[in-house]
Amino acid sequence: MKDNVKKSRSIYVIGAITIAIIALLAVYFILIATGVISAEPTRLVLTSASRTAEYNGVGLTDDEWRLEEGELKDGHVLSVTVTGTRTDVGESDNVFSALVYDENGYDVTDSYGIVYKPGKLTVTPRKLIVASASAEKTYDGEPLTARSCAVFDGSLVDGHEIEYHVNGSLTASGKTENTFVATVTDGERDVSANYSLEYLYGTLYVHGEMLNIVTDSANKVYDGTSLTAERWTLTSGRLAQGHTLFVTVLGEQKDIGSSDNVATCVVTASDGSNVTDMYEPVFTFGTLTVTPVTVIIETCPAYKIYDGTPLVCDAWRVVNDDTLANDTWYASGRTIAVGEYSVTASVIGSVTDVGTVDNTAVFVAVTKDGEPAQGVGVEYRLGALTVAPRNLTVRSGTAGKRYDGTPLTCGDYDIVSATQVVD
């Protein structure tokens with residue numbers, strides 16, 4: 001009897017434990033189904049918007065966002081807060097955060113694996129063109145300045161101020177830019193970096209007595225030495241009493257070619273002090289020109305009646321100043337003396353058929369003291385090689401026959417001219 005009671009109690013305890021486990025499992029599955037708990041968080045990929053704007057002193061924002069990947073469980077609500085902002089020029093993330101609530105308003109964010117992909121907030125510089133004033137005066141030994149500046153194009157953000165730091169200055173005669181630097185401030189803070197500043201510089205012009213100075217021109221045939229021309233002329237302008245103008249001509253041309261005959265000048269007072277700043281020297285530079293020594297190679301012309309063989313004439317000579325240097329023709333490849341130079345030339349012209357061609361020459365060398373000559377130019381005056389047609393007189397044959405219905409022909413002929421066909 002006692003054993004039966006013990007067995008009944010044991011069955012009761014085991015049944016109670018089983019019912020409790022089943023109840024716990026039911027609650028667990030319900031919580032999973034409602035999203036309160038989750039064995040594996042649901043992946044959500046969120047993206048915030050990007051935006052670009054020109055600087056205006058106000059924070060740039062964009063509260064747009066997008067669920068790029070993943071889905072909410074039934075009854076769940078996604079709440080996104082975009083906090084990204086950008087005021088100064090540059091780029092930054094459009095940061096944001098998100099929470100998920102169930103249908104009862106409970107925070108179930110932990111049931112999701114949220115991936116944030118922030119957009120970009122980009123502020124570009126505000127364009128501003130600023131300009132300085134121009135000014136001019138006659139030379140008086142005092143610096144010329146012009147402090148006035150203004151915004152030429154564009155506008156400042158409300159509350160901002162612009163300061164100008166002018167450093168343009170000119171004392172001597174001449175022209176220069178009226179340079180300056182602009183700074184934009186917001187109270188005590190320098191906000192210049194938020195502007196794209198473009199500068200338009202005025203002109204400072206100090207008038208002095210204009211001195212027009214012209215340097216001489218010169219030319220020569222190359223000889224290995226420098227060509228100079230030291231003369232100059234003051235064509236207009238007047239010096240003050242006691243002042244003296246000194247011009248230094250610096251131009252020099254050694255090699256073949258041309259260059260300006262450049263110069264500089266200084267004006268001094270009677271006490272030796274430099275007063276060049278009182279004047280505006282304007283130079284007109286002459287030209288220094290060195291031309292090459294010219295050797296003209298003339299090839300011999302030739303003529304013949306066509307005979308089937310090449311017509312050649314390898315003779316050549318040197319011509320100076322369009323006048324024959326001499327009447328002597330030299331064989332191709334021969335070296336002759338022309339003044340202080342030695343000249344070698346080869347002639348390769350040739351023609352076989354009827355027609356005219358240049359008797360082509362190949363310039364080989366011009367030397368001086370056994371070395372290649374410097375500053376020598378070569379020109380060619382090519383003779384003509386002409387082959388004329390060969391004249392032939394041909395007489396056809398004579399033939400006859402009685403009519404037989406076929407054509408009468410005769411292929412006989414005779415060359416009756418003194419000139420015969422080439423072998």
Side-chain angles (χ1 to χ4, degrees), residues 219-224 254-258 289-400 407-423:
N219 62 78
K220 72 171 184 178
V221 175
Y222 176 84
D223 61 5
K254 181 178 181 180
D255 296 328
I256 294 171
S258 298
T289 303
V290 175
T291 57
V293 176
T294 302
V295 175
I296 303 175
I297 303 295
E298 181 180 33
T299 58
C300 184
Y303 172 90
K304 77 172 182 178
I305 301 297
Y306 174 77
D307 62 5
T309 63
L311 171 63
V312 296
C313 183
D314 67 354
W316 63 278
R317 58 188 175 189
V318 175
V319 178
N320 289 331
D321 300 326
D322 294 329
T323 302
L324 291 179
N326 52 60
D327 293 330
T328 304
W329 294 95
Y330 299 95
S332 178
R334 174 83 177 272
T335 299
I336 65 171
V338 179
E340 58 186 340
Y341 301 101
S342 295
V343 181
T344 304
S346 296
V347 181
I348 61 172
S350 175
V351 62
T352 300
D353 295 331
V354 171
T356 300
V357 299
D358 288 334
N359 193 11
T360 308
V362 178
F363 180 70
V364 177
V366 177
T367 60
K368 180 180 179 182
D369 300 327
E371 298 293 333
Q374 302 297 316
V376 176
V378 177
E379 295 180 4
Y380 296 96
R381 187 171 299 164
L382 304 178
L385 298 178
T386 302
V387 175
R390 191 177 185 86
N391 294 322
L392 296 176
T393 302
V394 180
R395 181 176 59 196
S396 60
T398 301
L408 173 63
T409 62
C410 179
D412 297 334
Y413 67 90
D414 293 315
I415 298 175
V416 295
S417 61
T419 304
Q420 297 294 305
V421 176
V422 172
D423 291 338

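Being a predicted model, the structure only gives us computed values, none of them experimental. One-based numbering along the sequence shown.
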Q: Using side chain to side chain contact (heavy atoms under 4.5 Å, CB included) as the criterion, point out the one residue from V387, V351, N391 that pairs with Y306.
A: V387
(Q) Using side-chain heavy atoms (C-beta onward) and a distance below 4.5 Å, is V290 in contact with K254? (A) no
Q: Might you point out which heavy atoms bring A345 and W316 nearest each other, and give the distance in Å?
A: O-NE1, 3.4 Å
Q: Please check if the side chain of T299 supplies one atom and the backbone of G383 the other of a donor-acceptor pair under 3.5 Å.
A: yes
Q) Between atom NZ of K304 and atom CZ of R390, what is the distance when rounded to the nearest 0.5 Å? A) 10.0 Å
Q: Give the minimum heavy-atom separation between I415 and T419, together with the two atoms involved.
A: CG2-O, 3.8 Å
**Q.** Residue pair N219, T291: steps toward the side-chain contact (heavy atoms from CB on, under 4.5 Å) verdict
**A.** CA-CA 7 Å; N219 62 78; T291 57; 5.6 Å; no
Q | Check against side-chain contact (heavy atoms from CB on, under 4.5 Å), I297 and V318 | A | CA-CA 5 Å; I297 303 295; V318 175; 4.3 Å; yes
Q: For residues A384 and T356, report the shortest heavy-atom separation together with the two atoms involved.
A: CB-CG2, 3.8 Å
Q: Taking all non-hydrogen atoms of both residues into account, name the closest pair between A315 and V347 and its distance.
A: O-CG2, 4.0 Å
Q | Rounded distance [0.5 Å steps], OG1 in T289 versus CD1 in I256 | A | 12.0 Å
Q.
Tell me the closest heavy-atom pair linking V221 and V293, and the distance in Å.
A. CG1-CG2, 3.4 Å
Q) How many angstroms lie between atom CG of D353 and atom CG of L311, to the nearest 0.5 angstrom? A) 11.5 Å
Q: Report yes or no: does D414 contribute a side-chain atom to a donor-acceptor pair with the main-chain N or O of V416 at less than 3.5 Å?
A: no
Q) Given side chains that start at C-beta, do those of R334 and W329 come closer than 4.5 Å, heavy atoms only? A) no
Q | Evaluation steps, side-chain contact (heavy atoms from CB on, under 4.5 Å), between Y341 and V295 | A | CA-CA 10 Å; Y341 301 101; V295 175; 5.6 Å; no
Q: Mind checking the OG1-CD spacing from T294 to E379? Nearest 0.5 Å is all I need.
A: 5.0 Å
Q: Please report the C-alpha distance between R317 and I336 in whole Å, then the side-chain angles of each, then the deciding distance to 0.1 Å, and finally whether the side-chain contact (heavy atoms from CB on, under 4.5 Å) criterion is met.
A: CA-CA 9 Å; R317 58 188 175 189; I336 65 171; over 6 Å; no
Q) So, for N359 and L382, which heavy atoms are closest and what is the spacing to 0.1 Å? A) O-CD2, 3.6 Å
